[in-house]
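Values in this document were obtained by computation on a predicted structure and should not be read as measured data.
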Amino acid sequence: MLSKALGKYPEYRFKSGEKRLWNPIQKKTFADLPEERVRLALVEYLTGDLGFSSSRISCESPVKLQADKTRSRTDLIYYDQDFKPELLIECKAPSVKLTEKASIQIARYNEKVNARYLLISNGLVDHWFKNGADGVKTLAWLPDTYEQHNLTSRDMEYWERRGFIGEKTDQETKQILTIYNEELFSDPVQPIKYLDFEGYPEAYALNHFYRIFGIDQQTKVAISMSSNYAGSTRFNAILNVKGANIAFVSSELAEMKFLEGVVHSGKGENTLDLNEVINLQESPNLKDRAVDLSKLLISYS
């Protein structure tokens with residue numbers, strides 16, 4: 001079934017200029033890695049959507065498996081009100097397929113944990129299991145306990161803490177960006193993907209979650225808003241043609257407008273005014289804006 005991690009985003013902190021993930025259970029930062037993003041998205045599902053107490057969730061609990069020379073560690077365990085293991089979660093990166101090997105791994109962990117339910121997730125797909133007297137059985141449905149009970153409030157602070165809005169961005173612009181981020185990133189069934197880029201200035205804050213828009217069969221545009229180490233908010237749009245990224249535009253957002261934008265493509269670097277393409281003060285029509293951005297970036301490619 002579709003993952004409960006979809007549409008959930010981890011919190012970020014900047015430490016010595018480095019963008020790092022914040023784990024609210026362990027109260028410390030971690031490197032921004034795919035598997036860790038999945039784990040923290042599921043933490044938000046447990047604490048936000050289900051309203052479970054963070055005090056009943058553990059990360060990286062050690063388990064000693066037979067024939068293992070070193071201790072393994074579980075990704076997440078949720079405990080019931082009697083602090084007995086209720087749910088054991090194993091997280092994989094989105095690029096990892098959930099195979100029988102992963103099922104065997106979590107079943108081995110559960111020989112020591114003895115949780116009632118088991119969940120394997122790569123952030124895209126979830127596989128649920130129930131542990132009973134007759135062994136571990138695959139579930140074709142979501143257990144009632146884990147159906148969504150609450151709607152996590154996604155106000156300005158939510159998007160700021162998750163790296164979509166810079167903390168030093170002015171208040172009026174933050175309000176507009178809250179609306180845009182809600183439109184871009186709240187629907188879990190829309191194509192949203194974390195993209196990594198190397199070799200570009202950290203100030204651009206290119207590494208982040210992007211909403212992907214299909215323009216035609218060969219062309220896609222990925223759009224994101226993200227905070228950088230200086231506390232500013234960047235708008236980034238990537239043009240992908242036939243599976244290759246061929247151009248992107250990056251601009252700071254402040255005072256209800258785009259500041260000077262920069263386009264990078266095979267033709268080099270050029271400056272431009274994105275306000276001629278997108279008026280931030282108008283209601284976001286994202287599909288039309290994606291089409292306009294594709295035309296703009298193609299003209300520079």
Side-chain angles (χ1 to χ4, degrees), residues 12 14 16-20 31-34 94-95 163-170 173 176-177 180-181 183-185 190-282 284-301:
Y12 283 95
F14 283 96
S16 301
E18 180 188 1
K19 180 181 177 182
R20 293 178 62 83
D32 189 9
L33 299 175
S95 60
F164 290 86
I165 300 175
E167 62 179 356
K168 294 184 179 179
T169 302
D170 63 276
T173 304
I176 291 292
L177 297 184
Y180 269 82
N181 280 307
E183 290 289 327
L184 282 167
F185 298 108
Q190 294 298 330
I192 296 168
K193 187 176 183 180
Y194 190 97
L195 299 180
D196 283 303
F197 299 88
E198 295 182 358
Y200 294 101
E202 292 291 332
Y204 289 174
L206 285 170
N207 296 350
H208 203 52
F209 294 93
Y210 285 77
R211 169 78 177 274
I212 314 296
F213 292 89
I215 307 303
D216 55 40
Q217 290 185 340
Q218 296 183 333
T219 308
K220 297 177 182 177
V221 170
I223 297 176
S224 184
M225 298 176 191
S226 55
S227 59
N228 64 14
Y229 57 81
S232 302
T233 303
R234 301 293 299 194
F235 174 90
N236 293 307
I238 318 295
L239 175 66
N240 182 288
V241 178
K242 297 181 180 180
N245 295 328
I246 65 171
F248 74 85
V249 60
S250 182
S251 176
E252 183 178 343
L253 293 157
E255 300 176 358
M256 304 285 285
K257 64 182 180 181
F258 294 93
L259 305 186
E260 184 177 74
V262 180
V263 175
H264 285 260
S265 70
K267 293 181 178 179
E269 181 179 309
N270 295 274
T271 59
L272 83 167
D273 183 3
L274 269 177
N275 296 292
E276 297 177 359
V277 181
I278 301 175
N279 183 348
L280 280 181
Q281 299 184 48
E282 293 180 350
N285 187 331
L286 300 174
K287 179 63 177 180
D288 288 347
R289 298 293 79 76
V291 172
D292 293 340
L293 286 165
S294 71
K295 292 177 181 177
L296 172 72
L297 290 169
I298 287 171
S299 72
Y300 281 90
S301 302

field: Verdict with supporting geometry, Ile223 and Leu184, side-chain contact (heavy atoms from CB on, under 4.5 Å)
entry: CA-CA 8 Å; Ile223 297 176; Leu184 282 167; 4.2 Å; yes
message: Would you compute the distance between atom CD1 of Ile246 and atom OG of Ser265 and round it to the nearest 0.5 angstrom?
response: 8.0 Å
message: Do Leu272 and Tyr300 make a side-chain contact, defined as non-hydrogen atoms from C-beta onward lying under 4.5 Å apart?
response: yes
- request: Check side-chain hydrogen bond (donor to acceptor under 3.5 Å, both in side chains) between Asn279 and all other residues, then give those that pass, not counting sequence neighbours.
  value: none
field: Rounded distance (nearest 0.5 Å) linking atom CG of Leu253 with atom OG of Ser227
entry: 12.0 Å
field: Contact summary for Leu206 and Tyr210, nearest pair of heavy atoms
entry: O-OH, 2.7 Å
task: Decide if the gap between the ring center of Phe248 and the ring center of Tyr200 is smaller than 6.0 angstrom.
output: yes
Test of ring centre spacing under 6.0 Å for Phe209 and Phe185: no
statement: In terms of heavy-atom contacts, Val291 and Ser294 come closest through O-OG, 2.6 Å
query: What's the spacing between Ile176 CD1 and Met225 CE if we round to 0.5 Å?
result: 10.0 Å
task: Could you list the residues that satisfy salt bridge (charged side-chain N to carboxylate O under 4.0 Å, His left out) with Glu18, not counting sequence neighbours?
output: Arg20
For the student: nearest non-hydrogen atoms of Ile212 and Ala222, plus distance: CD1-CB, 3.5 Å
- prompt: Which residue pairs pass the ring pair (Phe, Tyr, Trp, His ring centres under 6.0 Å) test with at least one member in residues 212-242, sequence neighbours excluded?
  reply: Phe235-Phe258
- request: Given side-chain contact (heavy atoms from CB on, under 4.5 Å), test Tyr194 with Asp32 step by step and report yes or no.
  value: CA-CA 11 Å; Tyr194 190 97; Asp32 189 9; 2.4 Å; yes
message: Applying salt bridge (charged side-chain N to carboxylate O under 4.0 Å, His left out), can you list everything that pairs with Arg211, at least two apart in sequence or on another chain?
response: none
Closest heavy-atom pair and its distance - Thr173, Glu255: OG1-N, 3.1 Å
task: Could you go through the side-chain contact (heavy atoms from CB on, under 4.5 Å) check for Tyr12 and His208 one step at a time?
output: CA-CA 11 Å; Tyr12 283 95; His208 203 52; 4.2 Å; yes
- prompt: What residues form a side chain to side chain contact (heavy atoms under 4.5 Å, CB included) with Asp292, not counting sequence neighbours?
  reply: Val277, Arg289
- request: Side-chain contact test, heavy atoms from C-beta onward, threshold under 4.5 Å: evaluate it for Leu297 versus Val263 and give yes or no.
  value: yes
- request: List in chain and number order the residues that pass side-chain hydrogen bond (donor to acceptor under 3.5 Å, both in side chains) with Thr233, two or more places apart in sequence or in another chain; answer none if no residue qualifies.
  value: Thr169
query: With Leu259, which residues qualify under side chain to side chain contact (heavy atoms under 4.5 Å, CB included), at least two apart?
result: Glu252, Ala254, Lys257
query: Just wondering, more than 12 heavy atoms not from Lys19 lying within 6.0 Å of its NZ?
result: yes
- prompt: Who pairs with Asp273 by side-chain hydrogen bond (donor to acceptor under 3.5 Å, both in side chains), at least two apart in sequence or on another chain?
  reply: Asn275
query: Run the side-chain contact (heavy atoms from CB on, under 4.5 Å) check on Leu293 and Ile278 step by step: do they pass?
result: CA-CA 9 Å; Leu293 286 165; Ile278 301 175; 4.1 Å; yes
query: Can you tell me how far the CG atom of Asn181 sits from the OG atom of Ser226, to the nearest 0.5 Å?
result: 9.5 Å
message: With a sphere of 6.0 Å drawn around NZ of Lys168, does it hold more than 12 non-hydrogen atoms of other residues, nucleotides or ligands?
response: no
field: Sequence-distant partners of Asn228, side chain to side chain contact (heavy atoms under 4.5 Å, CB included), two or more places apart
entry: Ala203, Ala205, Ala230, Ser232, Arg234
- prompt: Does Val262 offer a backbone N or O that forms a donor-acceptor pair with the side chain of Thr271 under 3.5 Å?
  reply: no
- request: Quick one: pull up CG in Leu239 and NZ in Lys295 and give me the separation to the nearest 0.5 Å.
  value: 13.5 Å
statement: Contacts of Gln218 meeting side chain to side chain contact (heavy atoms under 4.5 Å, CB included) (sequence neighbours excluded), chain-then-number -> Asp216, Lys242
query: Can you tell me how far the CG atom of Leu280 sits from the CG atom of Leu177, to the nearest 0.5 Å?
result: 6.5 Å
message: Checking the side chain of Asn236 only, and the main-chain atoms of Ser224 only, is there a donor and an acceptor separated by less than 3.5 Å?
response: no
- line: Taken in chain and number order and not counting sequence neighbours, the residues that satisfy side-chain hydrogen bond (donor to acceptor under 3.5 Å, both in side chains) with Asp288 are Asn285
task: Keeping the roles fixed (side chain from Thr219, backbone from Val241), state whether a donor-acceptor pair exists under 3.5 Å.
output: no
